[in-house]
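First the structure, in the form of structure tokens, and then the observations on it.
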Amino acid sequence: MQIITTKADLRLFLKSQYPKSIGFVPTMGALHQGHLALVERSKRENDLTVCSIFVNPIQFNKPEDLAKYPRTEEQDSLMLREVGCDVLFMPSVDEFYPSQVLTSINFGTIEQSMEGAFRPGHFSGVGVVLCKFFNLVKPQKAYFGQKDFQQCAVVRQLIVELDFDIELVICPTLREASGLAMSSRNKRLKPTQLENASKLYRALQTLAQVFRDGLPLKASISTIKNTLEQDGIFEVEYIEFVDTHTLAPVGIKHDPARVVVCIAALIDGVRLIDNLLVEHE
Ligand code: AMP
């Protein structure tokens with residue numbers, strides 16, 4: 001595996017590999033099986049797989065969240081080597097952003113709810129970093145996890161509206177045996193909190209059933225929120241049923257094939273997100 005830390009070296013190396021097809025897996029590191037599943041899929045579908053590890057400062061709206069983001073670069077590179085990743089691109093912040101970034105991207109209505117609403121500027125930062133990565137790596141396919149559902153919708157819009165010639169491949173969420181979605185942030189949870197965190201998935205399963213049963217959505221959301229918050233373990237930021245493409249809130253009459261239920265909650269100050277398609281899971 002090539003470990004590359006500068007943009008110039010990445011360009012040079014990828015030029016030397018032409019005309020191989022390239023699959024790209026952007027990450028912020030602290031890798032787990034969920035990330036590795038994206039790399040493995042890319043390996044199956046492309047000649048060359050590039051994985052990036054870059055904790056992108058401009059997508060964090062809270063400096064303390066950025067400071068506490070887990071960093072395990074050595075272990076990450078071992079894991080990537082083991083699954084046969086071809087290139088690990090790991091630039092420093094100064095290398096990637098030599099000067100202050102003045103560009104911002106507004107994704108319109110798709111970023112007005114959920115993550116976009118609770119993390120102002122987050123998707124602009126995601127959009128800018130991905131434009132730069134897409135221009136540097138020039139992949140044919142880019143791999144993202146369904147776990148970040150709104151991010152997938154934003155990337156879809158970015159690719160279509162800015163004419164990137166890239167196929168977006170969305171991969172299913174990998175979970176622990178408890179149902180908890182794998183996440184780098186889980187590394188910040190103590191064992192008892194990890195156990196509690198799996199309640200988020202069970203809440204989503206209950207809510208998906210609520211939708212399928214045609215029960216009132218608002219009242220059910222409020223009951224679940226209260227249950228999660230009653231023992232003081234969780235602070236729920238949002239629970240929403242939204243359309244899978246527009247991300248607009250939906251009512252009970254919406255086509256169930258296009259409904260996803262999304263949740264964000266803090267547990268011990270660690271912010272976790274998850275989602276479930278109401279029909280298929
Ligand atoms: P992150 O490093 O958290 O920014 O994630 C990098 C990529 O891995 C994103 O496309 C995420 O959606 C994806 N990802 C994170 N967690 C999981 C998971 N549990 N299952 C599948 N993909 C994931």
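Keep in mind that this is a model prediction, so the values were computed, not measured. In what follows, residues are counted from 1 in the order of the sequence shown.
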Quick check: does any side chain N or O of Q150 sit under 3.5 Å from a backbone N or O of S113, one acting as donor and the other as acceptor? yes
Side chain proximity check, I105 to F123, heavy atoms < 4.5 angstrom: no
Is any side-chain N of the basic residue among E279 and R258 closer than 4.0 Å to the acidic one's carboxylate O? no
Taking F96's backbone N and O only, do any of them form a donor-acceptor pair with K7's side chain (distance below 3.5 Å, no angle check)? yes
With L174 as partner, the option from Q33, H32, Q146 fulfilling side-chain contact (heavy atoms from CB on, under 4.5 Å) is Q33
Is N46 reaching over with its side chain to a backbone N or O of L48, donor-acceptor style, under 3.5 angstrom? no
R81/D86 salt bridge by N-O under 4.0 Å criterion: no
Please confirm whether the backbone N or O of T223 pairs with a side-chain atom of T227, one donor and one acceptor, at under 3.5 Å? yes
Check the pair F60, Y69 against ring pair (Phe, Tyr, Trp, His ring centres under 6.0 Å), reporting the backbone distance first and the verdict last. CA-CA 10 Å; F60 285 81; Y69 201 84; 5.7 Å; yes
Between Q17 and K20, do the side chains contain a donor N or O and an acceptor N or O under 3.5 Å apart? yes
How about K187: does its NZ atom have over 12 heavy atoms from other parts shown lying under 6.0 Å from it? yes
Is there a side-chain contact between T49 and I22 (heavy atoms, below 4.5 Å)? no
Above 12 or not: heavy atoms from other molecules or residues under 6.0 Å from CD of Q230? yes
Evaluate salt bridge (Lys or Arg N to Asp or Glu O under 4.0 Å) for E115 paired with R271, printing each intermediate quantity in order. CA-CA 11 Å; E115 293 304 285; R271 191 170 182 280; 2.7 Å; yes
More than 12 heavy atoms of other residues, nucleotides or ligands under 6.0 Å from CD of E82: is that the case? no
Do any N or O atoms from the side chain of T246 and from the backbone of D243 form a donor-acceptor pair under 3.5 angstrom? no
Tell me, yes or no, whether the heavy-atom count around E195 atom CD, taken from other residues, nucleotides or ligands under 6.0 Å, exceeds 12. no
Whether over 12 other heavy atoms sit under 6.0 Å from D165 CG: no
Ignoring hydrogens and geometry, is there a side-chain-to-backbone donor-acceptor pair from S222 to K218 under 3.5 Å? no
Identify the residue among F164, Y143, F133, F144 that makes a ring-ring contact (aromatic ring centres under 6.0 Å, His included) with F24. F133
Under 4.0 Å between a Lys/Arg side-chain N and an Asp/Glu carboxylate O for E45 and R41? yes
So, are K68 and E64 salt-bridged, with charged N and O less than 4.0 Å apart? no
Evaluate the side-chain proximity of V25 to H35: yes if any heavy-atom separation is below 4.5 Å, no if none is. no
Answer yes when K147 and D274 have at least one side-chain N-carboxylate O distance shorter than 4.0 Å, and no when they do not. no
